[in-house]
Amino acid sequence: VQLQASGGGLVQAGGSLRLSCAASGRAGRAVSNNAMGWFRQAPGKEREFVAVVSWRSDSTIYEDSVKGRFTISRDNAKNTVLLQMNSLKPEDTAVYYCAAGRSSYAGKNFADYQYWGQGTLVTVSS
């Protein structure tokens, strides 16, 4: 069971990054049938929800602070979920984790997710 997140890096405020999460093994099958989400953890803070997309991409939920700036999408044929992040702010600095849900739809709670990736670091400079 592997979720491999990538795409993090250092960017100036106002810039963009696109995170990608590829699933393999049992997690690969979970991606194609279940919701996929992104969470983040800033230094010294608890992990928090960022966004989730349902199995058929017919439902998305975003944390309020990223609405209008971040877009989550998925490609079930490639077992991949993406997070396009625009207009980045220094407060977006965090390690970003992808997660596979337990069912076709998932929400903001950690308990809704069964597999977690290792995280990718996003640093936004002011």
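Counting begins at 1 with the first residue of the sequence.
The two residues T80 and S20 have their closest heavy-atom pair at CG2-OG, 3.5 Å. Between G107 and F49, the shortest heavy-atom contact is O-CE1, 3.7 Å. In this structure, A5 and Q118 approach most closely via the heavy-atom pair O-NE2, 3.1 Å. Across every non-hydrogen atom of A99 and Y113, the tightest pair is CB-CD2, 3.6 Å. Across all their heavy atoms, A42 and T93 have their closest contact at CB-O, 3.5 Å. Considering all non-hydrogen atoms of both residues, L83 and Y96 come closest at CD2-CD2, 4.2 Å.
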**Message:** Walk me through whether M36 and L3 qualify under side-chain contact (heavy atoms from CB on, under 4.5 Å).
**Reply:** CA-CA 11 Å; M36 288 295 296; L3 294 175; 4.3 Å; yes
**Verdict with supporting geometry, S104 and R56, side-chain contact (heavy atoms from CB on, under 4.5 Å)** = CA-CA 8 Å; S104 299; R56 291 191 175 97; over 6 Å; no
**Request:** Test V95 against F39 for side-chain contact (heavy atoms from CB on, under 4.5 Å), laying out the working first.
**Result:** CA-CA 8 Å; V95 176; F39 288 73; over 6 Å; no
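The side-chain contact (heavy atoms from CB on, under 4.5 Å) with V50 is formed by just one residue from the set V66, I61, L19; it is V66.
Residues V53 and W38 fail the side-chain proximity criterion, which asks for heavy atoms closer than 4.5 Å. Put simply, the side chain of R69 does not reach to within 4.5 Å of the side chain of M85, judged on heavy atoms. At least one side-chain heavy atom of Q114 sits under 4.5 Å from a side-chain heavy atom of N34. Counting heavy atoms from C-beta outward, Y62 and T71 have side chains that approach closer than 4.5 Å.
Note that the OG1 atom of T120 and the CD atom of Q4 stand 9.0 Å from one another [nearest 0.5 Å]. Note: E46 CD to Q41 CD = 8.0 Å, rounded to the nearest 0.5 Å. To the nearest 0.5 angstrom, S65 atom OG is 6.5 Å from D92 atom CG. Atom CG of L121 and atom CG of L10 lie 9.0 Å apart (nearest 0.5 Å). Note that the OG atom of S126 and the NZ atom of K89 stand 14.0 Å from one another [nearest 0.5 Å]. The CZ atom of F70 lies 14.5 Å from the CZ atom of R18; values are rounded to the nearest 0.5 Å.
V52 and Y115 fall into different hydrophobic clusters, defined by Ile, Leu, Val, Met, Phe, Trp and Tyr side-chain heavy atoms under 4.5 Å apart, directly or through other members. Note: the hydrophobic cluster containing I72 also contains L88 (ILVMFWY, side chain heavy atoms under 4.5 Å, direct or indirect links).
Using a cut-off of 4.0 Å between Lys/Arg side-chain N and Asp/Glu carboxylate O, D64 and K67 are scored as salt-bridged.
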